[in-house]
2 protein chains.
Amino acid sequence: MPPTSPTLTAERILEATEEVLRRHGPAKATVVDVARALGVSHGSVYRHFRTKAALREAVTKRWLDRTTDLLAEIAGAPGLDAETRLRDWLAALFAAKRRKAFDDPELFATYSVLTTETAETVVSEHIADLTGQLTAIVRDGVASGAFTAADPSVAARALFRATDRFHDPHYAREWEQPGVQDDFDALVGLLLRGLRARA
Amino acid sequence: MPPTSPTLTAERILEATEEVLRRHGPAKATVVDVARALGVSHGSVYRHFRTKAALREAVTKRWLDRTTDLLAEIAGAPGLDAETRLRDWLAALFAAKRRKAFDDPELFATYSVLTTETAETVVSEHIADLTGQLTAIVRDGVASGAFTAADPSVAARALFRATDRFHDPHYAREWEQPGVQDDFDALVGLLLRGLRARA
DNA sequence: CAGCTGACAGATATTGAATTCTGTCAGCTG
DNA sequence: CAGCTGACAGAATTCAATATCTGTCAGCTG
């Protein structure tokens, strides 16, 4: 049962934790389960993570960072005008969240729980990362004369807030309803109209 | 203890229910409590409301309608241009929710629970009412040449969605943080810019 | 006889005793 | 001696027995 043991590393613990969470769900996943999956005693897990909460936080961060990295590519895409990048970025964020929620509802529910329990540190950093990417796009747009915005970072926050419904897990159950894509397109259209510089 | 009994009416039951909910909270408020507060047997309550869920739904509707009525006055205010009414309306919605959340946190939490449990019927009607008011304002703006919008009702939905963060109870805990008013103003500014007709 | 009561069956919630889990640490092992 | 183990205390969770609540209805009352 216990798999081969090529030295116990934080990374291997995180992988095992993700697997245990997927199997048992957030309510029943225990540190002992994680240790068992790795073929070690649970004391060893505590050598790498001071508390169970810290372990869950690290796993959550990993998960959120995967989305951040994906979007960073779009934010920094070369040769595209700011408006296209902004549209693509917002669409990619929505698509990524929707895909996660649809493809593996159990795991998505698990991470929804994790993000509410770790709210303060990890999630707000994640949001800061994302609005940072948005700020870069808006700033480019202002520089190229495509957008008007007194303060790009303020505009970026406003964009992120305005689209909450399309990326906050709290609204996930609405993402499968018929008209969502139209609602999303209408909102993005309105926001871009507000951002565009006047002729 | 039992108060004077001037015939048992649905309205009196709703008042008593609200009081019981305020006292005991949503988890512990029972139909028997409501009956006791009215000095009747709980069987009598079931004469007016088929189930406990129906009673809670009716109380929730009452609560939501109070906000709807308040905003209807602004939506229909005579002699004000559409942009001012739209600004006022959105500000009034945010202010009303924030006031409720701040003045009586327990009751607000109670109704937050009620709205999630009765989600489908009552709440979606409430949202339909509100976006209906928004649609009327946008339509007026289009008619007067102040706004551009292919379909006012689509624009109204987008406006309502975009401002979710400032009226959905789910975000209530963020309404007391320092920068919220600025965030709100920035978002409304961006949305109005998007709505305004070009010169 | 319209409106109310209160006893009742089944569903739901509460309680506390027993189990399981978290986090520590003295000592084992390679 | 760095890294791991496993027994342990206190915290948290489960589970089953017990109590309370919901919804009904036959019959009482004004």
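Here is how names work: the chains are called A, B, and so on, in the same order as the sequence lines, proteins then strands, and each is numbered from 1.
Residue-level contact check: A:S44 touches the bases, meaning some heavy atom is under 4.0 Å from a base atom. Residue contacts shown for A:V32 include a base, since a base heavy atom lies under 4.0 Å away.
The NE2-C1' distance, from B:H24 to C:dA13, rounds to 15 Å in whole Å. We find that NE2 of B:H48 is positioned 16 Å from P of D:dT24, with the value rounded to whole Å. For the pair A:K52 NZ and C:dT20 C1', the computed distance is 11 Å after rounding to whole Å. The interatomic distance linking B:R47 (CZ) with C:dC4 (P) rounds to 6 Å, in whole Å. One can place OH of A:Y46 at 14 Å from C1' of D:dA9, the figure rounded to the nearest angstrom. With rounding to whole Å, B:L38 atom CG is found 11 Å from C:dC4 atom P. Atom C1' of nucleotide D:dT20 and atom CZ of B:R36 are separated by 11 Å, given to the nearest angstrom. Regarding A:R50, its CZ atom lies at a distance of 17 Å from the C1' atom of C:dC25, rounded to whole Å.
For B:H42 against C:dG6, no side-chain N or O and base N or O form a donor-acceptor pair under 3.5 Å.
Taking the six-membered ring where tryptophan is involved, the planes of A:W63 and A:Y111 are essentially parallel, since the angle between them stays under 30° and well short of 60°.
Cluster annotation: B:V154 and B:V138 are assigned to distinct hydrophobic clusters (Ile/Leu/Val/Met/Phe/Trp/Tyr, side-chain heavy-atom contacts under 4.5 Å, transitive).
More than 12 heavy-atom neighbours from other residues, nucleotides or ligands sit within 6.0 angstrom of CZ on A:R66. Counted within 6.0 Å of NZ on A:K61, heavy atoms from surrounding residues, nucleotides or ligands total 12 or fewer; the atom is thus considered open.
No donor-acceptor distance shorter than 3.5 angstrom exists from the side chain of A:W175 to the backbone of A:H167, with no hydrogens or angles considered.
Minimum atom distance to the side chain of B:T30 is reached by D:dC21, of the listed C:dG23, C:dT5, D:dC21. The nucleotide whose nearest atom lies closest to any side-chain atom of B:K28 is, among C:dT22, C:dT14, D:dT22, C:dT14.
Secondary-structure stems of DNA chain C, taken as three or more successive Watson-Crick or G-U wobble pairs (i with j, i+1 with j-1) under a 3.5 Å distance threshold, comprise C:1-30 with D:1-30.
Residues satisfying the salt bridge (charged side-chain N to carboxylate O under 4.0 Å, His left out) criterion with B:E57, sequence neighbours excluded, are absent altogether. Taking B:A146 as the reference, B:S144 meet the side-chain contact (heavy atoms from CB on, under 4.5 Å) condition, with sequence neighbours excluded.
Between B:D33 and A:S41, the residue anchored closer to the 5' end of DNA chain D is A:S41, taking for each the nucleotide with the nearest heavy atom.
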